[in-house]
Number of protein chains: 2
Amino acid sequence: MYPVERLGIKMAFENLSEREQKVLACLISHYISSADPVGSRAIANKYRLGISPATIRNTMQDLEELGLVLQPHTSAGRVPTDAGYRLFVDRLLGSEEITDSERKTIEEGISSHYGGVDAILGQTSRVLAELSNQLGITISPKMDNSVLSRIELMQLADSKVLVVLAFHSGLARTILVEVEATIGLHDLINMSQVLNEKLAGLTLGHIRKTIQERLANTTGSPRLLRFFIDNESDVWNNLAMDQLHIEGAENLVVKPEFSDKEKLQEIIRLINSPIGLIEDIRGIDSPDSGIVITIGAENKAQEIQSCSVVSASYEAGNTRGTIGVIGPTRMPYAKLASLVKTAARQLSRVLKTGRQ
Amino acid sequence: MYPVERLGIKMAFENLSEREQKVLACLISHYISSADPVGSRAIANKYRLGISPATIRNTMQDLEELGLVLQPHTSAGRVPTDAGYRLFVDRLLGSEEITDSERKTIEEGISSHYGGVDAILGQTSRVLAELSNQLGITISPKMDNSVLSRIELMQLADSKVLVVLAFHSGLARTILVEVEATIGLHDLINMSQVLNEKLAGLTLGHIRKTIQERLANTTGSPRLLRFFIDNESDVWNNLAMDQLHIEGAENLVVKPEFSDKEKLQEIIRLINSPIGLIEDIRGIDSPDSGIVITIGAENKAQEIQSCSVVSASYEAGNTRGTIGVIGPTRMPYAKLASLVKTAARQLSRVLKTGRQ
DNA sequence: TTTGTCACTCATTGGCAGAGAGTGCCAATA
DNA sequence: TATTGGCACTCTCTGCCAATGAGTGACAAA
């Protein structure tokens, strides 16, 4: 309640006895695979800690007072709380290397693709979902920091112009614009050149803010220019929206945490229109590109407050993106951490070597 | 079993008495909204047919002998069979107009978008899912029949070339190709021009078959040419693969037909990698662009044999695509038929008027 | 041919007892 | 003083049984 008390609890976290740590670790390990409340006897039998169930019971009572575990009901075993997972992840988590076959799947799955960065990200989220048995997510390189490398205009049949924007990060986006009439080839090339001169080399964020002045005295197709300049068309804001790929909904269906249909429906709805989720996950980027784990209620998005997110960032040109997995808080953190880390590294490598 | 018998049953279908038709129609209507086996009393009470429950029971026995309904167990009401739905759809289906608000949603949801045809199709499947409360699906215009309107090469940083292909149907696709080194601007323009001369105006199917001869004596970047010509790179086959958008998985979660988790998982897996589904749904295109309904086991794909598909085709340039909804056989066919029909019309209109 | 009635079937529900898992507490122990 | 074994207690889960109720099939009457 009061800061002082919270501090007290914090101190207790630090001062957990060896035994309490061990019991907590065993309990969580066991719970992660069983999904059932863990009793003292189960721990005593499965892990040879050299202490009796009665002692474990006493220890578990202490852990419960610290808010690290809880009992669903009086005569049940214990289940970790968010705080328990937090402590486990921060201080008790061993490293668990991925297998050779998993590494191979990552290297083969996350590889150059003529579909470009978008296709690679799609594949990455599929690989993450498959290997983690959770939701696999990828967020495109932060568009606002992406440097526009080229902009090209292409006349289609009728009165349509296809605008192709290529970014240093390797991303390419196309936009279809309706213009007044067929623009002459010469005019189009001319306009392309001017646009490149005025916009190429700038970040999208920069372009968004200064587009009006930059294109103020430009000549060319009025409708095309208006499309670029008018706030109403909202092109630049839309371009700046990062893309999110989520795969693996089928993995959640069979998890006991989602046996409640309402809950399952809610999260599937979130997957299909993940508005807001991007900022939430991005917000937890670590500066040193390490693994970031947010647990349960630590997540801002309402819908995933009983889930955890294991994420890492990757490099793409001069900007970064984020990948990760989402699943119930009961997840194999150590394993997923090394999975996500390996995948992020592989993704950075693929995007860097230009093998894409 | 034998053709003769099948014919017998067919004849019986044709010769259903007025009363049998009415009872079947009532039974199906009721079952569609209740999802519970329908008893004779329920029909007698809800629909004023002027006959007693006992008579209805007799009629239902006849319908069961014809294979149009069945009893899950002895003391239960009746449930329609695939054949029952088939007959209902073919001969008893009234038309049910969509509401004004639904029409409005369709017209606003399926509208021009600077994301091009792909974005419009994505929106269409979302609108279909939302209004139908089932899965909404769209299949891109048949690529093999799509006429290539322009092909453009664009030098990116490093040794990458972005190939942009625009089709008459309004679709645009980009491909990233790794080349030996930076190609001079002049060479690139030159190559673009040659490619356009040799390929523009042809269907993708035509290009696939004749690409080797067509580009045989072309000069330009060897790696780029090899990419286009080599069977190994498989570009053209991949380009020819139609895109499928499916939305609305959240709608299925709460349907009693998918209370079995295995079943739900199976269909969500299908949604995420719908290999084969495209051909199945395409295969049922009607020539006259009307509504096509396939029921239960009529579907080829194993995973949707307890589902029905309501589909219609739309026009895009000089080729066609398909849209529709998928859901359990227990679906409001009349309503969905007019929904899909309206959506297909709107989609054709949007793609035609060049407002995209 | 239609209808009312009656016996019969079968899924569902609620109550209840017993089993089992697990705890908290306490006294004995090392 | 920390640990342990024992024991009473709590709570869930399962199976069983009877009652309920929806629905049918069959048959005789209208």
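Nothing here was measured: the structure is a model prediction, and the numbers come from that model. Convention: sequence-line order gives letters A, B, ...; per-chain numbering from 1.
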The complete set of side chain to side chain donor-acceptor pair (under 3.5 Å) pairs with one or both residues in residues 93-102 of chain B, sequence neighbours excluded, reads T99(B)-E102(B), E102(B)-K335(B)

Mind listing the N/O atom pairs, protein and nucleotides 17-23 of chain C, below 3.5 Å?
residue: dT23(C); atom: OP1; partner: S40(A); partner atom: N; Å: 3.3
residue: dT23(C); atom: OP2; partner: S40(A); partner atom: N; Å: 3.2
residue: dT23(C); atom: OP2; partner: S40(A); partner atom: OG; Å: 2.7

Give me, pair by pair, the N or O atoms of the protein and of nucleotides 1-3 of chain D that are less than 3.5 Å apart, along with how far apart they are.
residue: dT3(D); atom: OP1; partner: R19(A); partner atom: NH1; Å: 2.8
residue: dT3(D); atom: OP1; partner: R19(A); partner atom: NH2; Å: 2.6
residue: dT3(D); atom: OP2; partner: R19(A); partner atom: NH1; Å: 2.9

Mind checking whether Y47(A) and H30(A) have parallel, tilted or perpendicular rings, split at 30° and 60°?
perpendicular

E18(B) atom CD is separated from dT1(C) atom C1', nearest whole Å, by 17 Å

Exercise for review: For the residue pair Y85(A) and Y333(A), categorise the inter-ring angle as parallel (less than 30°), tilted (30 to 60°) or perpendicular (more than 60°).
Suggested key: tilted

Rounded to whole Å, the CD1-P distance (I56(A) to dT4(D)) equals 9 Å

By side chain to side chain contact (heavy atoms under 4.5 Å, CB included), K255(B) pairs with (sequence neighbours left out) N133(B), Q134(B), L252(B), E257(B), F258(B), P328(B)

- Under the side-chain contact (heavy atoms from CB on, under 4.5 Å) criterion, do V38(B) and I43(B) qualify, and how do the steps go? CA-CA 7 Å; V38(B) 184; I43(B) 292 182; 3.7 Å; yes

Residue pairs meeting salt bridge (Lys or Arg N to Asp or Glu O under 4.0 Å), one or both in residues 67-85 of chain A, sequence neighbours left out, come to E64(A)-R78(A)

Sequence neighbours excluded, the answer for side-chain hydrogen bond (donor to acceptor under 3.5 Å, both in side chains) partners of S40(B) is R57(B)

Report the C-alpha separation of N272(B) and E250(A) in whole Å, then their side-chain angles, then the decisive distance to 0.1 Å, and conclude whether the side chain to side chain donor-acceptor pair (under 3.5 Å) test is met. CA-CA 9 Å; N272(B) 291 337; E250(A) 70 274 17; 2.9 Å; yes

Separation of dT24(D) atom P from I43(B) atom CD1, nearest Å, is 8 Å

